[in-house]
Structures are given as C-alpha cells and as structure tokens.
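Scroll down for the structure; my scribbles are underneath it.
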Amino acid sequence: MKKTCSPLRIAPVLLLVLLASCTRRQDPTFYIPKDAAVVAGLNLGRITSEVNLDTLLKSPMVREIIHHVEDSASRQVIQDPYSLGVDLTGEAFLYMENDTARGIHYVALVAPLSDPAKLVAHLKANHPAAAVKTDGTGGHLNLNGMGMIAWDSHVVMVFHQMGMGDQDSVKENFLNLFHDLAGQGKSGSVASLSSFPQSRGDFMVWMNIGSVIQHLAGNQKFKMAAGMLRPEIYQGNFFDAEGNFEQGKIVLNSTYTFNDQMAHIMGKISSRSLDPDLVRRIPSANPVGLLAFSFQPSGIKDYLNLLGVEGVVDEAMSQKANIGLDTALDAFKGDIILALLPKSPSDTSMRWIGVITVGDTASMDKILNGVASMGMLQRQGPMSYTLAASMDKKGMTLETSSRFLVMASSKDLADQYISGSGSTFTGPIADQAKSKSAVFYLDFTGIGDIMKEAGAALPWKINRMGERAHLVRDVISTTNPLSGNSVTSNLTLDMTDSSTNSLQQILEAGIHAFKSHQPMADSTDQSGH
C-alpha cells in the first residue's frame, strides 16, 4: 500500500518553519505521554489511499449510520470529514492514561491538523453557547467538566475525563497537560520508548501491561483482582500489534515482550509445542472453529510463586477438593483443544468437542474420582467415567483414556477422537500447528450457516450477521513459543473471493450486503425476538 506522507520527528522550532511541508509533519505520537497504558493508531493516509472516500460517504451504509446519529455536529463530520480541518493523510491515535500527578484518569484522541481555521469554525458553529478560546498558536474548548478539546498548529486533541470532575479543575488539568505535551516536556513522549513500534502499518495497538494493571488496581471495581496480580511484576511488559489490509485480507502481526523476570517464567510455561496429531484427530474434515494450545503445567506453579499466592491456592484446593496443587498440575500434560464442528443432516443440535491431554494417570484419576464424589460423574472403572444422568443433556458425553479426557456433544465424536478413527482435519491450520504453542481458526462461512439453520431462534441482528458472514471466509492465527523475551503471533482474516481483492472492494461488498437487508433500523425478526 502506498504511503502518501512519512512523518519526520524533528524539533518543534523547526516544525514551525516546515509546517507546510507534508514530508516534515509533526508526529502525533509526540503528544502521547510515555506512561500511557494503551495506544491505538489508525493510518488515515494509507487507508484513504485504498478507498474512494467520496463513494463511501455517499453509500447506503453511511447514510443509514447518519440517520441514527442525533448530534448534528457528528452528522456533519460523517458527511464531510474534511470540514473538521483534520489531515486525512496522517496518523490518528487514541490512548488511555492515568495521570496521578494531576489526579485525572482519561482517554484522549490525537489527530493531525491540516487547517486549524476549519476546526475553529466548526467548533464555533456547533458549540455557540461554549467559549471557544483561541490564541496565536491554537486554542481550547471546555467540555463541561468531562474534558476538553485543545489544538495547536499541528494537532487537535480531545481529552475525556473518566468520571465527573469540577469543571475548572478539569479544564486547568487538561490545559496544562496539553501544553506539556505540545512542548514535549516531561509528560511526553511515547514515541521515545524503545518498546513503541516504529512500523505501525494501517492500524496498530500498543499496550504497556504494567500501566494497564496499575490502572486497574486504582479502580475500585478491579482493585482486589489487580492487586493480587502485583502490578510491579509486569513493569516492562509490552504488547504491540500491527495490522494491514493486503489484497482483500486483513493481516495482524503481534508481539508480546516480557521483562527478564516474567520471560523466565513464561519460557517454562511455553516450552512445549503443540503436537499436530492432536489437531488432526478432530473428527471433521472442515471444523467451523478451533482453539488449541499447549503449555508446561509445572510453569504455572512458578508463576503462582512469583505472585506470592502458591500456598494460598494449594491450601484452598486441598480443603475444597482434597487435591493439592502438585496433584492437579501433574494430572495435565498441558494440551487443550476446543473445536466447533459443522452440523450434519442427522444432527439436531450443535456438534462440538473439547480435549485435555492426560499427564499422570493416577493424579487425573484422583481428580475425576473427587468430581464423581460430588455427583457430577459416574465411575465405570480405572480412568473410566461418564457424566451423571443429571449432567448428561442432549447427548453430551465424557470419555477418558490414558491419553485423553474428552467431552463432546455425542459419544460417537468422543470415541472417534480417542481412537483416531474419524474424518481427520488436514487443512492449513493443522500444518501450521507444527512447532507452535497455540493455533486458532474460525470459518465465518460455517458460523453463518449454523446461524441461518437456527433461523428464528436467533435475534434478527445476529441472524443478519450470519447471512453476511461470507464476507470473512476464515480467520487463522498461530503463536510461536517464546523466543528470547518475546512471543510473536500472526492472524489473517481472509475476505477474498474471485471478485474481491482490495479494501475498496471489501467495503463495496459490505455495502451491497447492507443494501440487500434493509431496513436496518428494525431490531426484531418476524417471530418477535
């Protein structure tokens, strides 16, 4: 995809002189604080170079969206995004931050400006009762105690306070923050961090895991759970993902980077690769969905020890289930598989299968015997159990062997998996499972078929989603084991067919599907759901 303009990071003083040059535009990431918890970015220039924006704005889909937007200012922006003065050839970012020094928890949108005068005109026209303050280099508009819109010659930022606050203090906090960021003072910039991706693709997501957990710990709703995770352990852990539109596909590549302490633990947990045979045993040549991952159970104990809760967990399991932590971990080899299978003419319900590989059979037998004592299983023999009658619904079954513990929607599926006698899954994802710690697969076409077969039992909107599911044929994701201090993953949404090979065509196909299912305002089906 052709990039129309590459930002160059240079000093603000030079930018005042070079502002008119597209190739020397201020990088909006300089307006994002270093300790931001989450950053999401969108490369407007690269996307609009692939899409005929004028055609999209005139489409029935956009017209329907506008119909449901009550705010006149928002409708104007959707109808004519150029009226806002935003530079649609640059990058825009949304980030979350908890500024403890100023006592504000907020989200902010930062977008490049091409015409500040248009922005001022838009704000004055749509906020006549508010005071739009301007000066020689920019201005601001207070948002009634919830935040502020501020701008200078380079960017416009929309700050939104998470929770109500005093109007004057919120205004002062955000105005001072904006001036700090604009001057690239101690509050910025995330772009200077080595963990922040230099290559950002068409869209991106970046997370400072330590900051995220610290933010949760400061929220009363999550304080206890986040406190147990000990935020300090996650300092220096980062996640970033870069996405691109490539010939009708959406490709997402991601990396999770650990600090040395966590990398040591995660190296133990992810030291096992998934056995491809476990995927190929799935009794279907074309499963609709698959989640399979492999881990080292003994590494879980090291992780709990790092958190300081190993003893607590062991005591709780011993008291409630008469099973110690070591017994529980020994019972599992470390492979888990969940698969959703297509319906067959003889089936009246959804077909599915879940598999856990058995480690130490004596430990697993002890666990299952404990569950049987609770009335949930019936013992048939050594390592042989079935679901209790009260648990056995719609043919659901549980089968065990020295290798597998299988729960499935029918006994036939469970038996076929254990024996390896069923139709095997030999698609691309089975081949990609080799030397990977996890694989993930979804066939949206198959999910759409299941939805359509369910018919009036599903709400209208979900039914319609099923009818349009052919727009995304499948999703394939693979995750490699830990290498050094990081683990990488790739995901592909295949939206192609014989006539769809670009983002523009994907959107046009979506518009066509949208038109064929009017009226979209209706939220019920004919059965009243």
Within-4.5 Å side-chain heavy-atom neighbours: Trp352 and Leu338 | no

Tell me, with the steps shown, if Gln380 and Thr400 meet side-chain contact (heavy atoms from CB on, under 4.5 Å).
-> CA-CA 10 Å; Gln380 305 296 322; Thr400 59; over 6 Å; no

Between Thr257 and Asn485, does any side-chain donor sit less than 3.5 Å from a side-chain acceptor?
-> no

How are the rings of Tyr417 and Phe404 set to each other: parallel, tilted or perpendicular (split at 30° and 60°)?
-> perpendicular

Out of curiosity, Leu278 CG to Ile356 CD1, how far, rounded to the nearest 0.5 Å?
-> 12.5 Å

Which atom pair, heavy atoms only, marks the closest approach of Ala92 to Ala111?
-> CB-CB, 4.1 Å

Non-hydrogen side-chain atoms of Met204 and Asp240 separated by less than 4.5 Å | no

Report the C-alpha separation of Arg379 and Asp365 in whole Å, then their side-chain angles, then the decisive distance to 0.1 Å, and conclude whether the side-chain contact (heavy atoms from CB on, under 4.5 Å) test is met.
-> CA-CA 10 Å; Arg379 189 181 184 108; Asp365 194 44; 3.0 Å; yes

Taken to the nearest 0.5 Å, the spacing of Tyr106 OH from Asn98 CG works out to 9.5 Å

Do you know which of Ile323, Val309, Leu325 makes side-chain contact (heavy atoms from CB on, under 4.5 Å) with Asp314?
-> Leu325

Do Leu44 and Glu91 have side chains that get closer than 4.5 Å, going by heavy atoms?
-> no

Can you name the nearest heavy-atom pair linking Ser284 to Leu341, along with the distance?
-> CB-CD2, 3.7 Å

Does Leu387 reach the side chain of Thr397, with side-chain heavy atoms less than 4.5 Å apart?
-> no

Within a strict 4.5 Å, meaning less than it, do heavy atoms of the Asn369 and Tyr385 side chains meet?
-> yes

How close do Arg351 and Leu413 get, heavy atom to heavy atom, and via which atoms?
-> NH2-CD2, 3.4 Å

Would a 4.5 Å heavy-atom cut-off, applied to side chains only, mark Tyr234 and Gln214 as touching?
-> no

Got more than 12 heavy atoms from elsewhere within 6.0 Å of NZ, Lys333?
-> no

Please report the shortest heavy-atom distance between Pro481 and Ser273, naming the atom on each side.
-> CG-OG, 3.7 Å

Considering only heavy atoms from C-beta outward, does the side chain of Pro33 approach that of Tyr95 to under 4.5 Å?
-> yes

Check whether any side-chain heavy atom of Val487 sits under 4.5 Å from a side-chain heavy atom of Met266, and report yes or no.
-> no

Would you say the side chains of Asp27 and Thr29 form a donor-acceptor pair under 3.5 Å?
-> yes

What distance do Asp360 atom CG and Thr327 atom OG1 have between them, rounded to the nearest 0.5 Å?
-> 8.5 Å

Between Arg281 and Ile418 the two heavy atoms that sit nearest each other are NH1-O, 2.9 Å

Decide if the gap between the ring center of Phe196 and the ring center of Phe238 is smaller than 6.0 angstrom.
-> no

For the atom pair CG (Leu274) and CZ (Phe295), what is the distance rounded to the nearest 0.5 Å?
-> 11.5 Å

Any donor-acceptor pair under 3.5 Å linking the side chain of Trp206 with the backbone of Gly41?
-> no

Chi angles and distances behind the salt bridge (Lys or Arg N to Asp or Glu O under 4.0 Å) call for Asp326, Lys301 | CA-CA 8 Å; Asp326 288 334; Lys301 186 175 181 179; 2.8 Å; yes

Full working for side-chain contact (heavy atoms from CB on, under 4.5 Å) between Gln296 and Lys268 = CA-CA 6 Å; Gln296 194 67 264; Lys268 290 184 177 181; 5.6 Å; no

What's the spacing between Ile32 CD1 and Ser192 OG if we round to 0.5 Å?
-> 11.0 Å

Flag, side chain of Asp202 to backbone of Phe245, donor-acceptor distance under 3.5 Å | yes

Between the side chains of Asn259 and Asn237, does any donor sit under 3.5 Å from an acceptor?
-> yes

Candidate pair Leu368 and Leu405, rule side-chain contact (heavy atoms from CB on, under 4.5 Å), full reasoning | CA-CA 10 Å; Leu368 294 176; Leu405 188 156; 3.6 Å; yes

Worked check of ring-ring contact (aromatic ring centres under 6.0 Å, His included) between Phe293 and Phe440 = CA-CA 8 Å; Phe293 58 94; Phe440 171 74; over 10 Å; no

Which atoms form the tightest heavy-atom contact between Val212 and Ala37, and what is the distance?
-> CG2-O, 3.6 Å

State whether the side chain of Arg230 and the backbone N or O of Leu306 hold a donor-acceptor pair below 3.5 Å, judged by distance alone.
-> yes

Arg403 backbone acceptor or donor facing Ser401 side chain under 3.5 Å = yes

Side chain Ser437, main chain Ser294, donor-acceptor under 3.5 Å | no

Taking Met407 as the fixed residue, which of Val355, Leu398, Ile353 is the one that meets the side-chain contact (heavy atoms from CB on, under 4.5 Å) rule?
-> Leu398

How many angstroms lie between OH in Tyr303 and CD in Glu310, if you round to the nearest 0.5 Å?
-> 14.0 Å

